[in-house]
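A quick write-up on the structure given underneath.
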Number of protein chains: 2
Amino acid sequence: MTDTSKAGGEAGRRTAAHPRTPKAPPTIYDIAVLAGVNPSTVSRALSKPGRVSAKTAQKIMEAAEELNYQVNVFARALPTGRTQTIGLIVSDITNPAYFEVIRGAETAASAHGYTLMLAESAESADLEMTAARRMLATVDGLILASPRLSDEEIGRLSSTKPVVVINRSVAGVTSMVADIEAGVTDAVRHLAAMGHAAISYVPGPERSWMSQRRWESIKARCDWHGIEATMEAGQQPTVDGGRRAAAAVRAGRATAVFCYNDLMAIGLMRELQAAGLAIPEDLSILGFDNIFGSDFTTPPLSTIKSPLHALGASALESLLAAGDRAAQLQDDPALPTELVLRGSTGQAREGQKMSGNSLATG
Amino acid sequence: MTDTSKAGGEAGRRTAAHPRTPKAPPTIYDIAVLAGVNPSTVSRALSKPGRVSAKTAQKIMEAAEELNYQVNVFARALPTGRTQTIGLIVSDITNPAYFEVIRGAETAASAHGYTLMLAESAESADLEMTAARRMLATVDGLILASPRLSDEEIGRLSSTKPVVVINRSVAGVTSMVADIEAGVTDAVRHLAAMGHAAISYVPGPERSWMSQRRWESIKARCDWHGIEATMEAGQQPTVDGGRRAAAAVRAGRATAVFCYNDLMAIGLMRELQAAGLAIPEDLSILGFDNIFGSDFTTPPLSTIKSPLHALGASALESLLAAGDRAAQLQDDPALPTELVLRGSTGQAREGQKMSGNSLATG
DNA sequence: TTGTAGGCGTTATCAA
DNA sequence: TTGATAACGCCTACAA
């Protein structure tokens, strides 16, 4: 039997007068004693303002202040399951494109009193799943930026707690996708005006929905302009991945190349330059995102800028708006991309073959 | 009175036969029923292997497997206070220098079964304190990378839970600092050999201990070589901060400039180039860290490379090693820096003044 | 508006 | 080795 049956809710509890250990952090019981009210009143005053009289609320706040009280998030989470924490998983923490996504999400989170928990999948579906599982245990909601997971896996995840994906579309899951049409349309029009008649695209990983999406958009616009569009083999979405695409690009007839992202575009450009090609004279190169550093290559990179900050912020906002409207927002025109023309694009080279030395394969 | 007094520990609990809600996650009580043992035995089997007979452990594991059991981290944290989570606060998430610090910490964390929680202070001591407080409530330990907090504040933080600082030295707090001497020694020697007789240093924020440390090291080496060394006004440790230092640098007589970090070095270089100066002919520029992008400026940046990954990993390791040896490891020779010579450094210009147009002040 | 009392899922302390 | 039971700190019907 329990002694609670004899002395009520406070029996067996440690009181302000008899702390169990000298420096245990104060609890609502300590506050209750100091303010001369019941612990449950303290709880109410602290978590649902308005459900308690102004006077007692005042007393309680002062007592809490005096004791330097901090809620125990575990104790709070145990009955409620809520932690005021949102998880964000990015595919690659070393991709500067995520800077602003993270900042956007973090800013929006703080604004709502939430904390952001960050993890990366390092481009691995397995690691992503592990991180997602771990986070879901702790977090009120999850944002997946450019996930490498399958649709089914994401769907399963989202059945547990609210999930929002960025740069991905999954049936039944809220999704934040930039409207790439604006940027691609401008870019292809520009290329057409510069005389380019054959364009190629270097995609990222196969698991990247956004890579596929970008190709479709480019293809469609090229068709419209009567430009030949071809797709190269997929690569890792990194500087090295871009480098590896160099040989194939050189072997083709395209006079302009879109890369899945700026990282790849930079890698491709540098590898080509190392082999003696002139950019943009021999080849025009375009990236996506407009990341840190894309403006200090030589030539500076032309790119299609993504609304990275807004993507992160909107994802978080719509997560907090708690799946009211699910699975919408695809190619949201409120998240437009924009062509940023710099030095890596120019007039199409004339009929002759590219100059340059032979290229190491790899 | 409670009904527990009549029916023992399981009374009033929801059982496998009578789940409270249709799909509530399984608990150790469910496992206990399925395995025919007491819940406390399940707890032991799950959290302290070896304290239970192999046979029952086996049964329990199978039951857990079958129910797809996941521990409730809050429930576990309530009595223990431990969460298997480590916090990492960086001063600026958009500084690529933290890429590898984060990766290093994250890798080491996963290797030990810990999860990393990341936050940034955006170069603000207030935000840093807020983030630190929030994290300390949840986390088993905290890593502060280039903190902007005062020594006292950090000391106070570390009295709560284990804290490790990176690029900072605080009495009584474990600290991971790269050994900058190696890199600086080589750099100054190189500059001396190239005929530089006056060097200046563009520091970062005053709150940055590392910035001060770098200056001391540079000054000491310059003294040794009989080179004049001056320090400019402090700036934000960003590309813009570097730009803002351009006017002062030009006004001085130094023929070579160290910047607190690569971000600033890149900003300074670009601002100077925009004004018509030639790098390195008119001025040699050096950064610290060797960040992403420092090799694709024109000229590529010479810099003193920091062991970023090792810093993050060691910080985490020594955090888990739980303050066994506190406040050591300053300028740990196991974490050496290294001079990376690229194109932004060269022969000192001769007596004549720098060329170039007038420079906007700011 | 405030108090009472039971429960959230786990660990830890005793006994058995 | 295993079982019983009291915390852990907070929330929340329900009652007053």
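Model, not experiment: these values are computed from the prediction.
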Exercise. Would you check if the side chain of B:Arg148 reaches a backbone N or O of B:Ser124 as a donor-acceptor pair within less than 3.5 Å?
Key: no
Exercise. Output all residues satisfying side-chain contact (heavy atoms from CB on, under 4.5 Å) with A:Leu136, sequence neighbours left out; order by chain, then residue number.
Key: A:Leu142, A:Leu157, A:Thr160, A:Lys161
Quiz prompt | Partner set under side-chain contact (heavy atoms from CB on, under 4.5 Å) for A:Ala137, not counting sequence neighbours | solution = none
Practice problem: Could you tell me, to 10°, how much the axis swings from one end of the helix from C:dT1-D:dA16 to C:dA16-D:dT1 to the other, five pairs per end? | Solution: 30°
Practice problem: Using only side-chain N and O atoms of B:Asn38, determine if any of them is under 4.0 Å from OP1 or OP2 of D:dA4. | Solution: yes
Quiz prompt | Gap between atoms CG and P, on A:Asn72 and C:dC8 respectively (whole Å) | solution = 18 Å
Quiz prompt | Residue pairs, two or more places apart or on separate chains, that pass salt bridge (Lys or Arg N to Asp or Glu O under 4.0 Å) and touch residues 126-143 of chain A | solution = A:Arg82-A:Asp140
Practice problem: To the nearest Å, give me how far apart CD1 (A:Ile60) and C1' (D:dC10) are. | Solution: 14 Å
Quiz item: If you find the nucleotide of DNA chain D closest to B:Ala57 and the one closest to B:Leu78, which residue's nucleotide is nearer the 5' end?
Solution: B:Ala57
Quiz item: What integer distance in Å separates B:Lys59:NZ from D:dG3:C1'?
Solution: 14 Å
Practice problem: Could you run through nucleotides 11-16 of chain D and give me one letter per nucleotide, 5' to 3': B if any protein heavy atom sits under 4.0 Å from the base, S if only the sugar-phosphate is that close, - if neither? | Solution: BBB---
Self-check item: Partners passing side chain to side chain donor-acceptor pair (under 3.5 Å) against B:Ser146 (at least two apart in sequence or in another chain)
Solution: B:Tyr98
Practice problem: Find the distance between CG (A:Asn72) and OG1 (A:Thr27) and round it off to the nearest 0.5 Å. | Solution: 9.5 Å
Self-check item: Pairs flagged by salt bridge (Lys or Arg N to Asp or Glu O under 4.0 Å) wherever residues 40-57 of chain A is involved - sequence neighbours left out
Solution: none
Quiz item: Please give, in whole Å, the distance from C:dA12 C1' to B:Arg51 CZ?
Solution: 12 Å
Exercise. Grab the CD-C1' distance between A:Gln70 and D:dC10 for me, whole Å please.
Key: 15 Å
Exercise. Scan residues 111-120 of chain A for pairs that pass salt bridge (Lys or Arg N to Asp or Glu O under 4.0 Å), counting only residues two or more places apart or in two chains.
Key: A:Glu120-B:Arg103
Practice problem: Using whole Å, report how far CZ of B:Phe74 lies from P of C:dT11. | Solution: 14 Å
Self-check item: Partners passing ring pair (Phe, Tyr, Trp, His ring centres under 6.0 Å) against B:Tyr69 (at least two apart in sequence or in another chain)
Solution: none
